[in-house]
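Per chain, numbering begins at 1; letters A, B, ... match sequence-line order.
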2 protein chains.
Amino acid sequence: MARKSLVGVVADELLDRIIAGDFPPGSSVPGELELSARHEVSRMTVREAMKTLEAQRILSVERGRGTFVNPLNRWASLEAVLRAASEGQNEAAASVQLIELRRMLETGACELAAARISDADIQTLFGHVAAMRAAHEVNDIAAFVEADLAFHDLILRASENVFVAVLFAPLHRVLEKRRAETSAVPTIQEHAIGHHQNIAEALESRDPSRSREAMDLHMQQTLDDLKTLVLEAP
Amino acid sequence: MARKSLVGVVADELLDRIIAGDFPPGSSVPGELELSARHEVSRMTVREAMKTLEAQRILSVERGRGTFVNPLNRWASLEAVLRAASEGQNEAAASVQLIELRRMLETGACELAAARISDADIQTLFGHVAAMRAAHEVNDIAAFVEADLAFHDLILRASENVFVAVLFAPLHRVLEKRRAETSAVPTIQEHAIGHHQNIAEALESRDPSRSREAMDLHMQQTLDDLKTLVLEAP
DNA sequence: TAACTGTAAGATGTCTGACATCTAACATTT
DNA sequence: AAATGTTAGATGTCAGACATCTTACAGTTA
């Protein structure tokens, strides 16, 4: 594990304090000098930390006046918004909203892919499904998850829409660990295999709306799985 | 207009050179010292510029080794990806892909909103449609666009999904000016009014799939309008 | 020969202190 | 009362220095 630089630590701590409500949106954060004293680093280090938060539109720096916290809906970092939205008892709600978002992007990408995916890629999709079946047989969770991710990634790429991939990347990072958990349940694995098979067949038929529907059912199942897991968790 | 700081200028110029292909993905950018000489600024200014690009996942800085350009699909900034994707003759394709993305988010949000929007908000929606009609009568383009944007923003908020709003914000900024152009055509205004009316009525019926369909038709029309405009443009 | 080790070059990480410039509030002058 | 000057405090930029990490290479040793 890479040790974090001081800049990263300061940026994290500052973001934590913002999320904790120490500096509500619209208010100003302490001056660079005060922060450098607070965190026991030089002013330049504080400035670099600020720059990273400014690039994510979390802070607005105004020369001569100070540095201000932007309202949450202007933040450009999905991870930061997730941290803020997961505060308190909102973690479950945030998880559901993330799946909702994923559903929009994946069903949309699947609909586009139906008209654009190559024959070779379709065969690869069936290959991934076969790999999922094989992994399920021998109870190899890691291999199962890998084939699962490859399946979805391929559809994303087959949509030939760069921006979808860009917006999906942070979502992918956030949902990664949760997917490993859900995929550990054998019953859920079987459901997933069936859904993936349906999606691949729908894409093979080149029918956009059927493809979208197939992916939508899969997403609905994922959402249901998450809800039962969240509800059952102590 | 605010004059840009040196940091912003250096970051922009560096991003320009990256997009121009001077430093392809995977390769390293010149060292901080070399860049500070090239742009005639201090090393600290270069470092702060790098930090902004690193926060957008455009660059990866590795201590002791150098600074490297990430592949485009890891970039977290929609604006930067748009600039890169619009290079050469790809601008039209990029515009189409942006609309495709907008379609996914707006239809998804509309579907969610159908089950969550309040009665008061629905009345406000009809109010916005009325405002669009009034603006159309007197040919007030600015007022028309304002009501149009307010209509869509309200649906986004009514979806009660924070992350959708976060992802949509940069899209909004990018598409803002284009919408002003398309909204200037009277025929397109009439089309838009009809579609908005349908969307509001669909939401009023609380039918998610009907609401999604109504928004989808609107997005389809927007895409068609864009295509004819792009094709007709000299 | 092969493996280990020390050295040095080059890169980023951080610090210190200084000066420049912008903003806002206050004091002064007209 | 309005215009102007002053000042405090904030961010913007600079210069130079030292620390630390990575890599390559030469030299040493088994």
Side-chain angles (χ1 to χ4, degrees), chain A residues 1-15 17-18 22-70 74-76, chain B residues 1-18 22-71 74-76:
Chain A
M1 200 62 185
R3 298 181 310 290
K4 270 198 176 170
S5 64
L6 281 184
V7 172
V9 172
V10 173
D12 270 353
E13 290 182 5
L14 192 50
L15 181 54
R17 293 176 69 187
I18 292 172
D22 287 6
F23 318 116
S27 72
S28 68
V29 302
E32 297 171 349
L33 238 141
E34 186 176 339
L35 285 176
S36 71
R38 170 83 149 77
H39 297 275
E40 295 182 323
V41 296
S42 75
R43 192 183 150 219
M44 296 311 304
T45 302
V46 170
R47 281 184 59 80
E48 293 189 6
M50 298 269 218
K51 272 282 175 295
T52 72
L53 296 181
E54 188 189 13
Q56 297 171 186
R57 298 176 187 273
I58 294 170
L59 294 178
S60 283
V61 182
E62 297 180 27
R63 178 173 187 175
R65 292 191 1 105
T67 304
F68 303 87
V69 180
N70 288 329
R74 285 196 199 149
W75 294 13
Chain B
M1 196 64 184
R3 296 183 309 289
K4 270 198 176 171
S5 65
L6 280 184
V7 173
V9 172
V10 172
D12 269 354
E13 290 181 5
L14 192 50
L15 180 54
D16 279 339
R17 292 176 69 187
I18 291 173
D22 288 6
F23 318 116
S27 72
S28 68
V29 301
E32 296 171 349
L33 239 145
E34 185 176 339
L35 284 176
S36 70
R38 169 85 149 75
H39 296 275
E40 296 182 323
V41 295
S42 76
R43 193 184 149 216
M44 294 312 304
T45 303
V46 170
R47 280 183 61 79
E48 293 189 6
M50 297 269 220
K51 272 281 175 297
T52 72
L53 296 182
E54 188 189 13
Q56 298 172 170
R57 298 176 188 274
I58 293 169
L59 295 178
S60 283
V61 182
E62 298 180 28
R63 177 174 187 173
R65 294 193 358 106
T67 304
F68 304 86
V69 180
N70 288 330
R74 285 198 201 149
W75 293 14

How far does NZ of B:Lys51 sit from CD of A:Glu54, to the nearest 0.5 angstrom?
14.0 Å
Give me each pair satisfying salt bridge (Lys or Arg N to Asp or Glu O under 4.0 Å) with a member in residues 29-39 of chain A, each pair once, sequence neighbours excluded.
A:Glu32-A:Arg43, A:Glu32-A:Arg47
Integer-rounded Å distance: D:dT11 C1' and B:Leu6 CG
13 Å
Under the salt bridge (charged side-chain N to carboxylate O under 4.0 Å, His left out) rule, collect the residues that match up with B:Arg74, sequence neighbours excluded.
none
Sub-4.0 Å heavy-atom contacts from residues 59-67 of chain A onto DNA chain D, ordered by number:
A:Val61, A:Glu62, A:Arg63, A:Gly64, A:Arg65, A:Gly66, A:Thr67
Here the pair of heavy atoms bringing A:Ala49 nearest to A:Ala11 is CB-N, 3.7 Å
Taken in chain and number order and not counting sequence neighbours, the residues that satisfy salt bridge (charged side-chain N to carboxylate O under 4.0 Å, His left out) with B:Asp12 are B:Lys4, B:Arg83
What's the separation between atom CG in A:Leu53 and atom CH2 in A:Trp75, rounded to the nearest 0.5 Å?
9.0 Å
Report the residues that fulfil side-chain contact (heavy atoms from CB on, under 4.5 Å) with A:Leu6, sequence neighbours left out, ordered by chain and then residue number.
A:Val41, A:Thr45
Residues touching DNA chain C, which here means a heavy atom under 4.0 Å, drawn from residues 25-36 of chain B
B:Gly31, B:Glu32
The correct set of residues in residues 41-56 of chain B placing a heavy atom under 4.0 Å from DNA chain C is B:Arg43, B:Met44, B:Arg47
When rounded to the nearest 0.5 Å, the distance separating CD of B:Glu13 from CG of B:Leu15 is 11.0 Å
Below 3.5 Å, can you tabulate the donor-acceptor pairs from side chains in residues 57-64 of chain A to any protein atom, sequence neighbours excluded?
unit_1: A:Ser60; atom_1: OG; unit_2: A:Asn70; atom_2: OD1; d: 2.9
unit_1: A:Ser60; atom_1: OG; unit_2: A:Asn70; atom_2: ND2; d: 3.2
unit_1: A:Glu62; atom_1: OE1; unit_2: A:Arg65; atom_2: NE; d: 2.8
unit_1: A:Glu62; atom_1: OE1; unit_2: A:Arg65; atom_2: NH2; d: 3.4

Separation of B:Met44 CE from A:Met44 CE (nearest 0.5 Å):
3.0 Å
